[in-house]
2 protein chains.
Amino acid sequence: MSRGGKREGAGRPKGAGPYGEETKPVRIPVSQVDRVLRFVRNREYALPLFACRVSAGFPSPADDYLEGSLDLNEHLVREPAATFFVRARGDSMIGAGIHDGDLLVVDRSTKAKNGSVVIASVNGELSVKRYLCSNGQVRLVPENPAYQPISLNEDDDARLWGVVTSVVHRL
Amino acid sequence: MSRGGKREGAGRPKGAGPYGEETKPVRIPVSQVDRVLRFVRNREYALPLFACRVSAGFPSPADDYLEGSLDLNEHLVREPAATFFVRARGDSMIGAGIHDGDLLVVDRSTKAKNGSVVIASVNGELSVKRYLCSNGQVRLVPENPAYQPISLNEDDDARLWGVVTSVVHRL
DNA sequence: TATTTTGAAAACTGTTACATATTTCAAAAA
DNA sequence: TTTTTGAAATATGTAACAGTTTTCAAAATA
């Protein structure tokens with residue numbers, strides 16, 4: 001009459017769901033539910049990151065060379081609401097690894113420190129420069145000997161737009 | 001005695017939460033809860049892209065300088081399932097804009113063309129090189145005069161791991 | 001009259017609870 | 001030996017709940 005019955009190991013095993021893991025309910029705004037489900041189910045953009053010091057077979061997800069997984073958005077954008085992109089022109093910052101046409105990730109929420117690479121407009125001219133400050137004197141310095149540094153005076157109409165956090169160079 | 005009381009428009013208005021919208025519980029794997037909450041709260045990784053040729057006030061979303069909006073994942077990763085990341089070591093590809101420590105986006109689904117920058121292992125040694133093919137002869141060429149090109153022979157144990165599509169340089 | 005304090009009302013939020021739904025495996029049947 | 005079956009155990013979507021937060025007019029105060 002009875003089949004199966006109480007016994008060790010009976011029933012659906014733990015972690016047999018699609019995630020192989022426990023779940024917990026989280027409140028999501030209704031308009032974003034679909035987007036979030038796609039995000040979670042596909043884990044689309046969390047891609048493997050491999051270490052490059054390799055001598056033998058490489059790279060396979062089973063390897064020790066796997067450093068983890070990475071999402072470019074999360075890795076490169078700290079605060080989405082304060083971040084924008086600019087395309088760089090010219091080679092005045094070649095020494096900082098910024099090439100003509102590169103995409104710059106600019107964060108407006110972090111304050112420029114001495115030595116930061118910044119987007120600044122001076123007297124209506126926009127540029128990417130290294131921000132140096134000494135003795136109260138602010139200088140915007142290109143990273144290419146063919147260009148001249150700019151020293152900011154009080155009557156200059158200067159404004160910092162943000163700090164460049166990453167450079168994306170397409171091949 | 002009683003204050004407030006039942007009346008039209010009493011109480012907290014609808015949509016007064018941080019999302020300005022109704023929420024609903026969705027089951028999320030515990031290990032991804034944090035990632036999902038960040039994803040939902042930050043809302044958008046589709047960030048504004050500005051043109052850099054600018055003379056006056058810049059940049060504001062209302063400006064004409066806005067080229068559009070960009071999602072780094074979508075922009076840099078054509079096929080998530082065939083993409084991985086590698087961290088570059090050394091300066092052998094400095095001429096291609098690849099610096100020590102840069103993050104390389106590698107696509108395994110596109111075939112290397114003549115001139116592509118590729119990740120290749122030759123006799124167990126992994127490297128980033130430019131792939132050149134002429135008269136059936138394959139060469140892996142560094143972009144730094146201090147390094148020697150590698151010509152592939154038939155008895156070399158060589159394998160192409162993928163084509164480098166982008167370089168991410170952090171400042 | 002003008003300003004401040006108060007508290008009921010209504011929505012928000014994280015979590016628990018629950019009613020299916022699925023999955024598994026050994027016993028029963030073929 | 002193979003197929004069928006059903007109790008057991010977990011998964012899943014959502015309602016419900018208890019506690020929190022916010023709002024606004026009435027009450028109290030100046």
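Throughout, a chain's letter reflects where its sequence line sits, starting with A, and its residues are numbered from 1.
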Asks: Hydrophobic side-chain clustering at under 4.5 Å (ILVMFWY, transitive links): who's grouped with A/L132? Put none if nobody.
Replies: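 Reading the cluster by chain and number, A/L132 sits alongside A/V141.
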Asks: Considering residues at least two apart in sequence or located in another chain, which fulfil the side chain to side chain donor-acceptor pair (under 3.5 Å) criterion with B/N144?
Replies: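 Once residues adjacent in sequence are excluded, B/N144 has no partner under the side chain to side chain donor-acceptor pair (under 3.5 Å) criterion.
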Asks: What pairs with B/D100 under side chain to side chain donor-acceptor pair (under 3.5 Å), at least two apart in sequence or on another chain?
Replies: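 Listed in chain order: nothing, the list is empty.
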Asks: Summarise protein proximity over nucleotides 11-19 of chain D in one line of letters, 5' to 3': B for base, S for sugar-phosphate only, - for none, counting protein heavy atoms closer than 4.0 Å.
Replies: SBBB-B---
Asks: Using the test side chain to side chain donor-acceptor pair (under 3.5 Å), find all partners of B/E22 that sit at least two apart in sequence or belong to another chain.
Replies: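 Scan of B/E22 (side chain to side chain donor-acceptor pair (under 3.5 Å), adjacent residues dropped) gives none.
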Asks: With a cut-off of 3.5 Å and sequence neighbours excluded, list every side-chain donor-acceptor pair involving residues 162-171 of chain A.
Replies:
unit_1: A/T165; atom_1: OG1; unit_2: A/V105; atom_2: O; d: 3.3
unit_1: A/S166; atom_1: OG; unit_2: B/R170; atom_2: NE; d: 3.4
unit_1: A/H169; atom_1: ND1; unit_2: A/D102; atom_2: OD1; d: 2.6
unit_1: A/H169; atom_1: NE2; unit_2: B/A96; atom_2: O; d: 3.2
unit_1: A/R170; atom_1: NE; unit_2: B/S166; atom_2: OG; d: 3.4
unit_1: A/R170; atom_1: NH1; unit_2: B/H75; atom_2: O; d: 3.4

Asks: Angle, rounded to 10°, between the helical axes spanning five pairs at each terminus of the helix from C/dT1-D/dA30 to C/dA30-D/dT1?
Replies: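 So the angle between the two local helix axes works out to 10°.
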Asks: Can you tell me which residue pairs pass the salt bridge (charged side-chain N to carboxylate O under 4.0 Å, His left out) test with a partner in residues 127-145 of chain A, sequence neighbours excluded?
Replies: A/R130-A/E143
Asks: Under the side chain to side chain donor-acceptor pair (under 3.5 Å) test, which residues partner A/S116, sequence neighbours left out?
Replies: none
